[in-house]
Enquirer: 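Just dropping this structure here.
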Amino acid sequence: MSDHEDTTELEDNAAEDTAATEVEETEAPEGEDEGEDKEEGEKDEDDEEKDDEDKEDEDKEPEETEEVIPAKPLTQEVISESISLLCKIGTGLAHAFVRLDAREKEVTDISILASFIHLRYVDLSINSLKDISPLNNLTHLLTLKLDKNLLSSAELNELPYLQTASFAHNRIKTTDGIEHPLLESLNLSWNNISQVTSLSPEKLTMLHTLELRANKLTSTRGIVIPTLKFLYLAQNQINDLTDLDQLPCLQLLHMRDNQIATLDGFSEDMKALMYINMRGNQIVNRKELEKLQVLPLLDVVIFSECPISDEDDYRIETLITLRRLQRLDKDAYTDEEKQEAEEIHEQRRLEGGEEGAEEGGGEEDNAPAE
């Protein structure tokens with residue numbers, strides 16, 4: 001029997017079975033497990049810089065002028081070549097292929113996928129898709145990749161098992177229509193989003209990684225998902241950090257190449273935040289760093305290419321202000337630097353106390369006699 005006949009027969013059998021898919025029977029897709037998500041959040045500044053530099057070298061988004069693209073629907077033949085991973089479905093008496101990798105097929109229409117209801121891992125990146133509504137039928141989806149298409153929206157019906165979704169390098173303008181209850185990682189980088197709306201904390205109760213690099217954001221307003229651990233907002237025009245204090249679980253904040261001049265918005269409720277990258281922002285006044293003293297676990301900050309990084313004694317003064325730091329920019333603090341910062345801090349504390357006592361004494365001397 002040919003691959004084509006195998007696929008057709010298996011999908012026909014699968015369509016008759018209405019029982020819920022047992023997600024745990026499938027094997028985890030490569031690089032999609034929680035451990036890797038955590039590892040991504042914990043990578044060092046060299047890795048972050050390399051990622052940013054690599055992505056900056058990628059092609060910019062196409063102009064809004066509409067390009068005439070020949071219609072090319074996804075066919076059964078292409079599906080037969082692209083489908084894999086045979087798994088049990090329903091009660092375990094039937095099987096179906098659950099992985100589809102149809103990258104770079106120049107596809108403009110995926111209507112045929114509406115009948116492939118048992119697909120769990122779908123990659124349709126680097127095509128010419130504008131309409132993804134047929135995916136609403138794929139209620140067993142776990143992973144969805146639609147990078148580098150022509151999408152103007154990421155809106156889909158609620159997909160009850162979807163855990164990872166990537167829509168990078170499209171033409172998406174809003175965050176509406178993303179309400180998948182098990183979604184853990186969402187990538188909307190390199191789009192045209194100017195404001196975050198409709199990302200509901202009541203719906204997205206499992207979301208821990210959000211990527212919105214290289215959009216048109218001017219504020220963090222609207223990012224109010226309390227489960228978020230890793231937030232990537234580099235290469236926007238952000239100058240306002242409103243709603244950051246709504247992220248008590250945040251561990252990593254990547255804000256490189258924005259327009260931030262003040263560090264208002266951080267809160268003592270952000271007890272998990274350990275890493276902040278503000279490289280290439282507009283922070284001029286060193287006193288702004290004092291606003292980070294409320295973060296009890298902060299141990300890595302990046303301020304290179306900010307005006308304050310050009311000041312004399314930049315490293316030691318930053319450590320005096322933020323005494324729990326372990327690393328500034330690319331370089332870890334040495335024991336000698338930590339000791340020097342402690343000594344200077346203590347000296348200033350004592351001098352401040354003496355000045356306060358002298359001022360207090362002066363006021364007492366000048367007080368009118370009773």
Side-chain angles (χ1 to χ4, degrees), residues 38-39 41-53 229-234 238 241 244-245 247-248 250-362:
K38 182 176 181 182
E39 181 180 344
E42 294 177 350
K43 58 190 173 182
D44 62 24
E45 171 65 6
D46 292 337
D47 292 335
E48 291 285 358
E49 289 184 4
K50 185 176 186 302
D51 287 348
D52 287 337
E53 288 165 3
K229 295 181 179 180
F230 310 117
L231 179 57
Y232 299 89
L233 297 171
I238 295 172
L241 300 178
L244 271 190
D245 56 356
L247 308 177
L250 194 65
Q251 297 178 18
L252 179 149
L253 177 63
H254 197 283
M255 301 288 301
R256 177 179 174 178
D257 295 333
N258 278 282
Q259 303 297 321
I260 298 165
T262 65
L263 294 176
D264 298 314
F266 293 94
S267 162
E268 60 187 7
D269 294 329
M270 304 174 74
K271 299 182 185 301
L273 189 53
M274 297 182 288
Y275 176 104
I276 298 176
N277 190 334
M278 289 282 176
R279 177 176 175 178
N281 277 277
Q282 306 301 317
I283 301 168
V284 176
N285 190 340
R286 193 160 60 197
K287 282 191 171 294
E288 289 298 317
L289 303 187
E290 296 176 4
K291 297 172 183 176
L292 303 181
Q293 292 174 343
V294 297
L295 305 173
L297 293 185
L298 185 65
D299 62 5
V300 177
V301 294
I302 316 296
F303 290 111
S304 55
E305 299 179 22
C306 292
I308 58 169
S309 66
D310 296 328
E311 293 186 7
D312 294 338
D313 299 325
Y314 159 62
R315 279 186 62 80
I316 197 67
E317 289 294 339
T318 300
L319 185 56
I320 292 169
T321 302
L322 303 171
R323 292 159 60 207
R324 299 185 188 93
L325 286 186
Q326 299 297 316
R327 199 181 92 200
L328 175 64
D329 302 337
K330 293 183 179 181
D331 300 316
Y333 279 109
T334 64
D335 291 340
E336 290 77 12
E337 286 177 311
K338 293 177 183 178
Q339 180 63 32
E340 180 183 357
E342 283 294 329
E343 291 174 356
I344 295 174
H345 177 270
E346 181 64 16
Q347 179 182 353
R348 290 178 180 175
R349 186 185 70 81
L350 292 173
E351 290 174 352
E354 291 174 0
E355 289 176 3
E358 290 176 1
E359 290 175 1

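Owing to the predicted nature of the structure, the values given are computational and were not obtained by experimental measurement.
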Enquirer: Just checking E268: does its CD atom have more than 12 heavy atoms from other residues, nucleotides or ligands closer to it than 6.0 angstrom?
Expert: no

Enquirer: Atom CD in E342, atom CD in E337: separation rounded to 0.5 Å?
Expert: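 Going from the CD atom of E342 to the CD atom of E337 covers 13.0 Å.
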
Enquirer: Just so I know, are the side chains of L297 and Q251 near enough to count as touching, which here means a heavy-atom distance under 4.5 Å?
Expert: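 No, every pair of side-chain atoms sits at 4.5 Å or beyond.
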
Enquirer: Take R324 and L295 through the side-chain contact (heavy atoms from CB on, under 4.5 Å) test and state the conclusion after the steps.
Expert: CA-CA 10 Å; R324 299 185 188 93; L295 305 173; over 6 Å; no

Enquirer: Can you tell me how far apart CZ (R327) and CG (L325) are? Round to the nearest 0.5 Å.
Expert: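 Going from the CZ atom of R327 to the CG atom of L325 covers 10.5 Å.
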
Enquirer: State the CG-CD distance between N281 and E305, to the nearest 0.5 angstrom.
Expert: 10.0 Å

Enquirer: With a cut-off of under 6.0 Å to the ring centre and 45° to the axis, is R279 in cation-pi contact with F303?
Expert: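 No.
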
Enquirer: Under a 3.5 Å distance rule, please check whether S267 uses its side chain to pair with a backbone N or O of M270 as donor and acceptor.
Expert: no

Enquirer: Quick check for you: to the nearest 0.5 Å, what is the distance between K229 atom NZ and L273 atom CG?
Expert: 13.5 Å

Enquirer: Looking at side-chain heavy atoms only, is the closest gap between E290 and L322 below 4.5 Å?
Expert: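 When only atoms from C-beta onward are counted, L322 and E290 do not touch, as no gap falls below 4.5 Å.
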
Enquirer: Run the side-chain contact (heavy atoms from CB on, under 4.5 Å) check on I238 and M255 step by step: do they pass?
Expert: CA-CA 8 Å; I238 295 172; M255 301 288 301; 3.8 Å; yes

Enquirer: Look only at the side chain of Q326 and the backbone of D299, and say whether a donor-acceptor pair between them is shorter than 3.5 Å.
Expert: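 The answer is no, because no donor-acceptor pair under 3.5 Å joins these two groups.
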
Enquirer: Between L231 and L252, is there a side-chain heavy-atom distance shorter than 4.5 Å?
Expert: no

Enquirer: Are the side chains of L328 and L319 in contact, using a 4.5 Å heavy-atom criterion?
Expert: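 No; the side chains remain at least 4.5 Å from each other.
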
Enquirer: Side chains of Q347 and E343: do they bring a donor and an acceptor to under 3.5 Å?
Expert: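 No, because no side-chain N or O of Q347 sits under 3.5 Å from a partner of the opposite role on E343.
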
Enquirer: For L233, is there any backbone N or O sitting under 3.5 Å from a side-chain donor or acceptor partner on N258?
Expert: yes

Enquirer: Rounded to the nearest 0.5 Å, what separates atom CG in L253 from atom CG in L244?
Expert: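 If we round to the nearest 0.5 Å, L253:CG and L244:CG are 6.0 Å apart.
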
Enquirer: Does any non-hydrogen side-chain atom of L241 lie less than 4.5 Å from one of F266?
Expert: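 Of all side-chain heavy-atom pairs linking L241 with F266, at least one is under 4.5 Å.
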
Enquirer: Nearest 0.5 Å please: distance from the CD1 atom of I320 over to the NE2 atom of H345.
Expert: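 Those atoms lie 8.5 Å apart.
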
Enquirer: Minimum heavy-atom separation for M278 to I260, with atom names?
Expert: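 Scanning both residues, the minimum pair turns out to be SD-CD1, 3.7 Å.
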
Enquirer: May I ask you to test the D312-E317 pair for a side-chain heavy-atom distance under 4.5 Å?
Expert: no

Enquirer: Between G280 and C306, which heavy-atom pair has the shortest distance, and what is it?
Expert: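 Reported closest heavy-atom pair: N-SG, 4.0 Å.
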
Enquirer: Walk me through whether M274 and L298 qualify under side-chain contact (heavy atoms from CB on, under 4.5 Å).
Expert: CA-CA 4 Å; M274 297 182 288; L298 185 65; 5.8 Å; no

Enquirer: Heavy-atom distance under 4.5 Å between the side chains of I276 and I302, does that happen here?
Expert: no

Enquirer: Y314 and D329: side-chain donor and acceptor closer than 3.5 Å?
Expert: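 D329 and Y314 do have a side-chain donor-acceptor pair below 3.5 Å.
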
Enquirer: Could you report the tightest heavy-atom contact between K291 and V294, atom names first, then the distance?
Expert: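 Answer, listing the atom of K291 first, then V294: O-CG2, 3.6 Å.
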
Enquirer: Within the distance-only criterion (no hydrogens, no angle test), does the side chain of N277 pair as donor or acceptor with the backbone N or O of H254 below 3.5 angstrom?
Expert: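 Side chain of N277 to backbone of H254, a donor-acceptor pair under 3.5 Å: no, none is there.
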
Enquirer: For L250 versus F230, what's the shortest heavy-atom pair and its separation?
Expert: CD1-N, 4.0 Å

Enquirer: Is there side-chain contact between I308 and L289, with heavy atoms separated by less than 4.5 Å?
Expert: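 A side-chain contact exists here, since the closest heavy-atom pair is under 4.5 Å.
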
Enquirer: Quick one: do R348 and E351 make a salt bridge, cutoff under 4.0 Å?
Expert: no

